[in-house]
Structures are given as C-alpha cells and as structure tokens.
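What follows is a single structure, written as structure tokens, with notes after it.
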Amino acid sequence: MTPDQALAFAIVIGMIGLLIWDRIRYDLVALAALLAAIAGGIVPPQNAFRGFGDDIVIIVGSALVVSAAVGRSGIAERLIRPLAPRMTSTETQIGVLVSTVAVLSAFMKNIGTLAIFMPIAFQVARRSSKPVSRLLMPLSFGALLGGMMTLIGTSPNIIVARMRADILGEPFGMFDFTPVGLGLTIAGIGFLLFGWRLLPRARNAAATPETLFSIEDYQAEVRLPPESPFVDKTVRELEALGEGEVTVAAIIREGFRRYVPAGHWVLFANDILVLQCDANALERIVANAKLELLHDEELIAGVETRESDLTIVEAVITPGSLMIGNSVEQIRLRDRYGVNLLALSRRGQRIRQRLRRVRFQAGDLVVLRVRAEEAADRLAALGCLPLAERKLRLGKSRRPYLAPAILAVAMALAATGAVPVAVAFFGAAVMVVLLGALTPKEAYDAVEWPILVLLGALIPVSDALRTTGGTDLIAGWLSVAAVALPPAGALALMLTAAMAVTPFLNNAATVLVMAPIGASLAARLDLSPDPFLMAVAVGAACDFLTPIGHQCNTLVMGPGGYRFSDYWRLGLPLSLIVIVLGTLLIEWFWPLR
C-alpha cells in the first residue's frame, strides 16, 4: 500500500466514522474530508471544487425543484382520493397506496411522495378503524423501491450514471434502470401485501378512529388557574377526569422545582402540570378542567387574533426541518413563525426537560396552534408534515397539470437524447418557476443544499480514491473472496456490500465510494462493469433495515409508533428478496460478459 493510498483510506474511514458518530452534519463531514484530501496532496487544488460544477449536482438540484412542483400540484391526491372510500382491507390499502407511491417515486423525490401520501394513509386508516402502523412502513419501503425505476427516481441512480460515463464514455439512460427496478418493485409490493403481518400489533390499547392520530403519548405543560374547579383537588381526581387516558407525570412549583406526584397529592392554584396523554385526551381535559396550555398564551392574546382564527395541527418533524437540533426558545417559534408548541411526543421516550428547552429531533410528533389561514405556509417553512386529512396542504395547488407536463417533456427530451439530462432538468426547473408552478422562494426551499454540498465535496475525494489506486486495492481484496464464487455470486456480493454500507453512510456517499470499487472488481474478474454499477445503485437505494439510513424511514418512525427493531421484522426478508431477485434481474438484463 502506497502512502497516498493509505491517506485516501484514512480519510474515507475517518469520514465513515464521523457519519456513524452522527454528531457532525454530513455536509460538514464531507467538506472536512475534502479539506483533508487537499492538505494531503491527493486532490490537486485546481481540481478541488470541480465537483460543485458536476452534472450530478445540477441534475439532483433541478430534479428536487421539479419534484416539489409536482408534489404541490395536488395531482397525486386527485388521483387517489376517489379510491380512498373503497379501500377497506389492509391488503387493498397497501396494494393501492404503496403501488401509487412507488410509481410516483420513479418521477419525484421519494420522500416528497411519501409526505404527500402519509396524511392520506391516516385518513384511510381512520375510515377502516385499523392501525396506521400497518401502512406507514410499507409506504416508506414502496417509495424506496419505486425510486429505482428511473434515472431521476433517486440520487444513487444519477451518480451511478455519471460514474458509467467516466468509465465507458456514456452514462446510463433515463429508463435503463427500469427493467430491474420495475421487477424489484413488483416483487416488493407483492411481499408487502402479506408481509405487513410481520409488524408488531398496534401498541395502542384501542384502535378507534379517534385514537389513530395519537400514535404515542404526548407530553404537554398546563397551568392550573385559580378559577379551575380542580384547585385543592387531588392528582387522582384530575386523572379520573381523563378516564385513564391522562397521567400527571410531574408538578412544577416554586418556579423550577419538579416533583413526581402520588395520587393523593393536592393541586394548588398556578401549579404547572406536566401531562402525558394523547392529543385528543389533552384537548378534552384542558376544556373540562379549565386548564391553560402553558405555551398558548401570547398568540391568543394578540390584538388582531381571535380564538376562532386559530387551529390546532398535529404534525411530524421531517428530516430536513430547521427545527432539528433547536429548542422552542432558540428558533423563536412564536415570535418568528407565529406558532405555539402545545405538546410533544418522541417515540415513547419520557421527556424530562421543560418543553421550551427540548431540542427537536426528526420524527418528533408535535401539536401546534397557528392561525388557520397561515397554517400551510408556516408548516412548510418549519419543515413539518401535517398528520390530518388533506384539508391542510403543504402549499397551494397551482394549475395541477402544469408541473407534471413539464416533467414529462423533460423526461422525453432526456430519454431520446435530444438534450443532455442535466440540461433537460435544469430547463424544467427554470420553467416551473417562470410559469408559476413554484415561487422562487419555494424553489430554493425545495433544494436540499446539504446534499448538494456533500456531492460537490465527495466527488473529488471519490476520484482521489480511484486515482491513487485505492479502489483497485479494495477490488483486489474482494476478488480474492469472489474468485471462489460464480460470476453471479460476485455480483450478489457487490449488491450486498452496498446495501450493508448504506445505513451508515448517506446513500449518495455510498455510491461515490462503492461504484468505483464495483467497476474495478468487474475489471479484475474480466466481467462487464454495467451489472456491478447497477448492483451498487440497487444496494444503495434499498435500506430497509434501519430508521436512520434513509429519510423516508425516519419520517414514518414517530407517526407509526415504530421501534428500531421493527424495521428488521419487515426489512430483512425484503432485503433478501432484493439481493436474490436483484442479482437475477441484473444478470438477465445486463449480461456479465
């Protein structure tokens, strides 16, 4: 191993370690890796920033803008809403919803498609009195599967296409991924139609329409005003009013002292009570006991705001939200956004801090009060997804068929080779803004800038791993294991390796690291690089084992009431299906020799 190879390996291993540690943002980790590669001399200064001008960055950024425009058009809801009342069995619900999500994910960002359909899933679950947890994880997996079907369906496909251009002089086309992706999607949906039974039973005691929106207990802080009928009553008496659905988890007195009360404790005027209950029970007990929600005073007291102008929204914090890592006080939720936090739920964890000091996490469920006319814009600005029937949208529907038409034209131009893919989607992104399908602000908000930074920074680092001979070295190690296997076994090994790495890296980073290794392995085995590149793309797109490897899985964890181990129940057999069937499909459509 040469010194340059050792340095390249050290940078990549250090980057993986920091990403697994998860204390530093992944875009900053990528920038640090680039800086280390420049300082170590394995990335020449003149090539350090060429990644930011790469076609990958343009295509991903443009596809995000067009995808957001299609999502805001409301076309998906128009298509699915007439079918919703007819979906009564779990199998029918999964079949219709997951199939629709998968198809749309081939043309839109998969997390955007999932965000559109989660409220619809809640609506369907309520109507059929079934736990929504049966639907949300299959929806997430369906979105991941569907993204494999086209070039723009997921960022790993875009990156692999660019890698092929470097190796063979020509990138993968718009629909080169479709035969393998479509076959895996059909098989995956077929499994999910019956595999949902592997999920644990709903953890709620009752699965009535009223409780389906309250997947986990919320924690809320209320004040007991002097005029409340429960002043000088006991904790047990207040809890009895909640009919077993409300727990007084703590009492805060003397400004800061927190007590865990017994049932016989007497309640005093101006006590602050920490209640644990679901959203509906919270609303009932606040009204019946004449309590004051602690974080709901100033908004109501505004001169121009009446109680009737306000609405309560239950929402989930999405992985890209600006709330993540901040508290109510730090982001000035009420002053800056006109939103009050009423309650918070975090996957069944007991929250021991005051609500105003809790730092939000992706997947947290929140109950917010906001002016009704501003609710959609406020939630969109905060990066929250409303968990309710789609009377509340993440944006207004503007000419519903305009954005899909622009997307169709861009895909046709790219597929026929009339214009390069980057130009086609850059033009589409510009047109959706010029024609009013998105406002300029919405277009900028739709771009995931950390992902673009990660791509721009890691492209030179990935190239350094290849130019120093590091990828050939790793390929040599893998070929030692693969030499005893048939060619299809080596292909399955590559697919499995990419799938195993993805939970610890961003899927885009996985492809940037693994695609050159796959191409080098193919060269050592005297096989075509195409199937190995396709295997890397499939493996990087299919993280079904953890809630942290992909944003879709993170998004459904809180609303679905899932635990970390629940993903293995459904995800492991689905992963095995992808490995076995994916290997066969890749070998069939992309011959190894």
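Position 1 is the first residue of the sequence; numbering continues from there.
Atom CG of Leu572 is separated from atom CD1 of Ile577 by 10.0 Å, given to the nearest 0.5 angstrom. To the nearest 0.5 Å, atoms CG (Leu31) and CD1 (Ile24) are separated by 11.5 Å. The line from CD1 of Ile474 to CD1 of Ile517 is 3.5 Å long, rounded to the nearest 0.5 Å. Atom CD1 of Ile59 is separated from atom CD1 of Ile159 by 10.5 Å, given to the nearest 0.5 angstrom. Between the CG atom of Asp4 and the OG1 atom of Thr467 there is a distance of 8.5 Å, given to the nearest 0.5 Å. Here the straight-line distance linking atom CD1 of Ile11 with atom CD1 of Ile38 works out to 9.5 Å at 0.5 Å rounding.
Judged purely by atom type and a 3.5 angstrom limit, Arg466 has no side-chain atom pairing as donor or acceptor with the backbone of Thr471. Counting only distance, with no hydrogens or angles, the side chain of Arg357 and the backbone of Glu329 share no donor-acceptor pair below 3.5 Å. Panel note: side chain Arg162, backbone Pro171; no donor-acceptor pair is recorded below 3.5 Å. With hydrogens and angles ignored, the 3.5 Å screen pairs a side-chain donor or acceptor of Thr150 with a backbone N or O of Ala106. No donor-acceptor pair closer than 3.5 Å links the side chain of Ser462 to the backbone N or O of Ile459. No donor-acceptor pair under 3.5 Å is formed between the side chain of Ser327 and the backbone N or O of Arg359. Side-chain atoms of Thr496 come within 3.5 Å of backbone atoms of Ala492 as a donor-acceptor pair (strictly under, hydrogens ignored).
Annotation for Leu574 and Gly188: closest pair CD1-CA, 3.8 Å, computed over non-hydrogen atoms. When all heavy atoms are compared, the tightest approach of Thr510 to Ala498 is CG2-O, 3.8 Å. Counting all heavy atoms, side chain and backbone alike, Ala540 lies closest to Val511 at CB-CG2, 3.5 Å. In terms of heavy atoms, Cys542 sits closest to Met148 at SG-SD, 3.5 Å. Taking every heavy atom of both residues into account, Gly147 and Asn157 meet most closely at O-ND2, 3.6 Å. Across Leu151 and Ala161, no two heavy atoms sit closer than the pair CD1-CB, 3.5 Å.
Each of Leu545, Leu570, Val580 was evaluated against Ser575; a single residue qualifies, Leu545, per the side chain to side chain contact (heavy atoms under 4.5 Å, CB included) test. Residue Trp590 forms a ring pair (Phe, Tyr, Trp, His ring centres under 6.0 Å) with just one option from Phe172, Phe177, Phe532, and that option is Phe172.
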- [ ] Carefully, step by step, assess Asp543 and Met499 under the rule side-chain contact (heavy atoms from CB on, under 4.5 Å).
- [x] CA-CA 7 Å; Asp543 176 27; Met499 190 179 288; over 6 Å; no
Open item on the list: For Val60 and Glu448: C-alpha separation, side-chain torsions, deciding distance, then whether side-chain contact (heavy atoms from CB on, under 4.5 Å) applies.
Closed with: CA-CA 9 Å; Val60 171; Glu448 293 185 25; over 6 Å; no
Open item on the list: One pair to check against side-chain contact (heavy atoms from CB on, under 4.5 Å): Leu333 and Leu382. What are the steps and the verdict?
Closed with: CA-CA 9 Å; Leu333 192 63; Leu382 290 169; 3.9 Å; yes
TODO: Applying side-chain contact (heavy atoms from CB on, under 4.5 Å), run through Ser528 and Leu592 and close with a yes or a no.
DONE: CA-CA 5 Å; Ser528 170; Leu592 287 164; 5.9 Å; no
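Note on ring orientation: taking the six-membered ring where Trp is involved, the planes of Tyr567 and Tyr562 are perpendicular (angle over 60°, cut-offs 30° and 60°).
Residue-environment remark: CZ (Phe191) exceeds the threshold of 12 foreign heavy atoms within 6.0 Å. Taking a 6.0 Å sphere around CH2 of Trp588, one finds it holds 12 or fewer heavy atoms contributed by other residues, nucleotides or ligands. Applying the 6.0 Å contact sphere to CZ of Phe175 captures more than 12 heavy atoms from other residues, nucleotides or ligands.
Inter-residue side-chain proximity for Ile152 and Leu407 is flagged as met; some heavy-atom pair is nearer than 4.5 Å.
Checking Asn507 against Thr502 by side-chain atom types alone, no donor-acceptor pair falls below 3.5 Å.
No salt bridge links Asp566 with Arg563; every basic N to acidic carboxylate O contact stays at or beyond 4.0 Å.
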